Colleague: 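Here it is, the structure, as structure tokens.
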Amino acid sequence: MADLRGWLLDLYADEADSLVLWLLAEDGRRLRLTQPFPLTFYAHGPFPRLRALWRFLQQQPVGIQLARTVRQDLFAGPLDVLAVTVSNPAWQPRLFRQITRCFPDLTYYDADIPLGLRYAAVFDVFPLCYCAVEVDDSGRIQHITPLESRWDVSPSQPPLRLLTIEPNEEPAHREPSFLWLDDGRSRRQVPLQPLPLLLASLHATVRRVDPDVILTRFGDTWLMPLLLKSAQELGAEWFNLNRDEGKAVIHRQENSYFTYGQVVYRGQQVHLYGRYHIDQHNAMMYGEYGLHGAFEQARVTGLPVQEIARKSPGSGVTALQMQEALRRGILVPYQKQQAEGFKTAAQLIHADRGGLVYQPTLGLHEDVVEIDFVSMYPSIMVRFNVSPETVGIENETSEHIPELDVPVDLSRVGLVPRTLRPLLVKRIAIKEQLAGLTALDCRTPALKARAAALKWLLVVCFGYLGYKNARFGRIESHEAVTAYGRDCLLRAKEAAEDLGYEVLHMYVDGLWVKKAGVNKNEQARPLLDEITQRTGLPIALEGIYKWVAFLPSRLDARVPVANRYFGVFQSGEIKTRGIETRRHDTPPWIAQVQLAMIQRLAKVPTGRPLASAVPDLIVFLRQQIDELRNGRIPLPHLLVSQRLSREIGAYRVPSPTCRAAMQLDAVGKPRRPGQRIRFWFVRGKAGVHAWDLPVVVETAALDTERYTTLLLRAASAILQPLGIEETEVRQAVLARAWQMPIPMSHDHLVTWAST
DNA sequence: TACAGTCGGGG
DNA sequence: GTGTACGACTGTA
């Protein structure tokens with residue numbers, strides 16, 4: 001017998017040992033422990049069919065216990081169900097597949113719950129949780145007790161060992177020749193060839209370092225498959241990157257799937273046992289919050305680190321709801337795995353016309369106050385108890401939703417608010433900690449990452465509420481949230497107007513308002529307090545703009561566009577929406593020039609007209625175009641990156657992306673729908689040159705005309721609020737003052753052109 | 001001119 | 001296996 005303390009690293013089902021847990025013990029040992037962990041799922045249906053299932057299960061060779069019982073369905077209340085308890089969780093998936101084949105007509109519950117969630121629901125122990133464990137001499141867990149909660153704001157830090165592996169080239173682009181290996185103490189190169197040596201070297205390094213995390217670039221899509229294939233071909237059975245050497249790695253195939261109006265590509269994946277492999281390039285949200293964010297999401301959701309790192313936060317929300325249901329004894333309906341919704345609140349707002357969108361007052365405005373409701377939709381769900389099972393329930397506690405005349409039951413806290421409240425509370429607590437730290441504090445990056453990770457869980461939860469296929473989704477609850485949202489925004493507008501503000505714009509959860517004399521942060525305080533008082537929702541000051549410009553539609557200059565603007569806060573921070581800098585398909589050069597133009601405008605001293613910067617901007621644009629024509633813009637800065645939305649054969653119009661993908665196809669580098677294709681615009685018939693082609697593009701071949709047009713278009717978005725039209729920008733930049741007069745209708749330009 | 005194809009969003 | 005918003009805008013024919 002031994003009493004241990006340490007952090008839970010990994011947990012999975014095992015044919016021989018039922019449940020395997022890896023513990024990072026306080027003394028630094030990594031221990032493989034085991035535990036019996038029987039699990040139960042349920043079937044519901046006509047009695048004769050349940051009896052048939054009972055007989056079928058009695059004949060199975062594996063250890064199964066059967067019982068008739070009553071369980072709660074979230075909507076239908078108590079249900080008569082057959083409880084099927086499997087003594088080893090490793091048998092459950094195969095057994096369940098068999099059952100659904102033979103009894104497709106029955107309804108199943110708790111049948112596809114990730115093991116870690118069940119474990120968290122039973123023991124309150126989650127990935128990276130610090131816990132106390134009592135084990136017998138054969139490593140079997142007798143007791144396990146958490147020493148911290150998943151809602152702790154400052155969790156203990158497991159001393160994880162990290163090994164970073166990355167190739168010297170991007171494999172889809174150029175054949176790499178060596179790997180960079182970094183164990184935190186030294187960084188060294190390992191040649192890729194010869195392969196037997198590479199296998200031996202990596203195997204030895206992983207044995208020696210014994211990392212808890214192998215962090216790679218292109219590990220999923222290139223390195224691991226390459227290693228596995230080589231090991232197989234060379235008969236190198238000793239090669240194993242798992243900590244649990246009795247296991248083969250999990251290799252999942254690539255796929256493209258359609259979700260919410262776009263194709264998403266998910267590269268193949270390689271997961272390890274006993275340690276984590278995370279490929280930064282195949283981790284959907286990794287760029288948003290990194291390793292600390294992935295750890296935070298694993299902690300609160302209970303999903304394995306390797307899963308949550310690669311998935312969208314949508315799966316995390318589902319996990320949170322499942323765990324909440326498990327803890328409360330509510331049945332979790334079985335369904336085939338969903339494509340994860342990568343649909344943020346704003347997407348849905350657009351899609352469903354749910355959010356309130358105003359037309360902004362066009363043009364340039366000074367001293368504009370922007371205020372935003374904090375996590376508006378989650379806050380509404382918690383504040384007004386919006387949940388699929390509470391909406392539409394009339395009783396003496398019910399409150400009616402504005403506009404909809406639909407009641408909401410307030411007699412019990414709904415599943416969704418119960419799930420969300422601790423997330424909101426934890427995020428606010430982390431943000432409060434952050435507020436007390438400087439940007440240079442060593443704790444700041446991790447806290448920021450964790451706040452962002454929680455924010456993302458909150459953002460996507462709204463989508464899941466109304467998603468018709470979500471387990472606990474219901475469209476009525478979704479409509480309820482947007483109705484409350486519109487109501488709150490209108491109340492905010494009234495509050496602002498009552499306090500003497502002019503409302504310039506409103507967008508879903510934000511307001512842009514202005515009042516003479518209000519240009520300091522603390523002056524907005526009464527407005528914030530008034531709005532919170534009238535709506536019951538927290539609202540925060542985003543900032544006060546020195547100036548902000550709301551842009552019109554490019555197709556009709558009289559029509560405002562809800563989300564096309566740029567501005568500069570008093571802090572000097574720039575905010576842009578809807579313009580080229582924000583688009584992922586804008587070549588970096590154009591995005592940088594556009595941003596540089598805003599930066600130059602931001603430097604115009606208060607009191608001087610912004611238009612005074614125009615001559616400088618025109619000179620700047622001329623210089624940039626000269627650089628382009630002289631081939632001095634670095635080639636990567638001119639790359640366009642667009643997502644391939646379908647197979648190339650399915651295109652009816654050969655878009656530039658399609659043509660670039662065809663070029664790659666022709667050289668044996670096919671690309672899948674959902675993958676990004678990078679290319680240059682070049683002169684000639686094809687018009688494009690794919691970045692991943694073996695032939696490097698000639699600078700002379702670049703379509704400078706096209707890049708010039710794109711640049712001037714981006715520039716004119718910035719100059720438009722200063723009263724300069726695109727044709728005028730074009731003439732001013734391309735025509736040389738000493739060659740021809742510049743026909744300008746604006747005084748400042750005429751003055752400048754004549755000098 | 002018609003319409004096909006791509007993007008954003010959230011902070 | 002997963003299921004197709006919507007408006008703004010650009011590019012092709």
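What you see is a predicted model, and the numbers here were worked out from it, not measured in a lab. Letters go in sequence order (proteins before strands), and every chain restarts at 1.
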Colleague: In whole Å, what is the span from the NZ atom of Lys455(A) to the C1' atom of dG11(B)?
Modeller: 4 Å
Colleague: Once salt bridge (Lys or Arg N to Asp or Glu O under 4.0 Å) is applied, do any residues pair with Arg421(A), and if so which ones, sequence neighbours excluded?
Modeller: none
Colleague: Closest approach to the side chain of Pro654(A), judged atom by atom: which nucleotide of dT6(B), dG9(B), dA13(C) is it?
Modeller: dA13(C)
Colleague: Say we look at dC7(B) and dT2(C): how far apart would their C1' atoms be, to the nearest angstrom?
Modeller: 23 Å
Colleague: Would you classify Leu710(A) as touching base, sugar-phosphate or nothing, given that sugar-phosphate means primed atoms plus P, OP1 and OP2, and contacts are heavy atoms under 4.0 Å?
Modeller: sugar-phosphate
Colleague: For DNA chain B, which residues in residues 568-580 of chain A have a heavy atom at a distance below 4.0 Å?
Modeller: Arg577(A), Gly578(A)
Colleague: Which nucleotide wins on minimum distance to the side chain of Val561(A), given the candidates dT6(B), dT12(C), dA8(C)?
Modeller: dA8(C)
Colleague: Tell me the salt bridge (charged side-chain N to carboxylate O under 4.0 Å, His left out) pairs involving residues 656-665 of chain A, sequence neighbours left out?
Modeller: none
Colleague: In whole angstroms, how far is the P atom of dG11(C) from the CZ atom of Phe681(A)?
Modeller: 6 Å
Colleague: For dA4(B) and dA5(C), measure between their P atoms and round to the nearest Å.
Modeller: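 My reading of the P atoms in dA4(B) and dA5(C) gives 14 Å.
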Colleague: Any idea which of dA8(C), dG5(B), dC7(B) is nearest the Arg646(A) side chain?
Modeller: dG5(B)
Colleague: Among dT10(C), dG8(B), dA4(B), find the nucleotide with the atom closest to the side chain of Val653(A).
Modeller: dA4(B)
Colleague: With sequence neighbours left out, write down each residue that passes salt bridge (Lys or Arg N to Asp or Glu O under 4.0 Å) with Arg554(A), or none if nothing qualifies.
Modeller: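 Glu726(A).
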Colleague: Among residues at least two apart in sequence or on other chains, which ones pass salt bridge (Lys or Arg N to Asp or Glu O under 4.0 Å) with Arg252(A)?
Modeller: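 Arg252(A) satisfies salt bridge (Lys or Arg N to Asp or Glu O under 4.0 Å) with Glu307(A) once adjacent residues are dropped.
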Colleague: Just compare dG11(C), dG8(B), dG5(B) and give me whichever is closest to any side-chain atom of Arg583(A).
Modeller: dG8(B)
Colleague: Taking the minimum atom-to-atom distance to the side chain of Arg554(A), which one of dC9(C), dT6(B), dG11(C) wins?
Modeller: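 Nearest to the side chain of Arg554(A) among the choices is dC9(C).
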Colleague: Closest to the Arg564(A) side chain: dC9(C), dT6(B), dT12(C)?
Modeller: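 It is dC9(C).
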Colleague: Mind checking whether Phe295(A) and His292(A) have parallel, tilted or perpendicular rings, split at 30° and 60°?
Modeller: perpendicular
Colleague: Quick one: the side chain of Arg582(A) and the base of dG11(B), do they pair up donor-acceptor inside 3.5 Å?
Modeller: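 Such a pair is found, so the answer is yes.
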Colleague: Starting at the 5' end of DNA chain C, what dot-bracket string do you get if Watson-Crick and G-U pairs under 3.5 Å are bracketed, crossing pairs use [ ], other-strand pairs use | and unpaired bases use dots?
Modeller: .....||||||||
Colleague: Rounded to whole angstrom, note down the C1' distance from dA8(C) over to dG11(B).
Modeller: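 One C1' to the other, the span is 23 Å.
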Colleague: Under the salt bridge (charged side-chain N to carboxylate O under 4.0 Å, His left out) definition, can you give me all pairs with a residue in residues 444-458 of chain A, not counting sequence neighbours?
Modeller: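 Salt bridge (charged side-chain N to carboxylate O under 4.0 Å, His left out) check on residues 444-458 of chain A returns Glu296(A)-Arg450(A).
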Colleague: Mind calculating the distance between CZ (Arg652(A)) and C1' (dA2(B)) to the nearest angstrom?
Modeller: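 These atoms are roughly 13 Å apart.
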Colleague: Does anything in residues 669-678 of chain A pair up under salt bridge (charged side-chain N to carboxylate O under 4.0 Å, His left out), and if so which pairs, sequence neighbours excluded?
Modeller: Glu170(A)-Arg678(A), Glu254(A)-Arg672(A), Glu647(A)-Arg672(A), Arg671(A)-Asp692(A)
Colleague: Taking only residues at least two apart or on different chains, which pairs with a member in residues 565-577 of chain A satisfy salt bridge (charged side-chain N to carboxylate O under 4.0 Å, His left out)?
Modeller: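 Sorted result for residues 565-577 of chain A: Glu370(A)-Lys575(A), Glu542(A)-Lys575(A).
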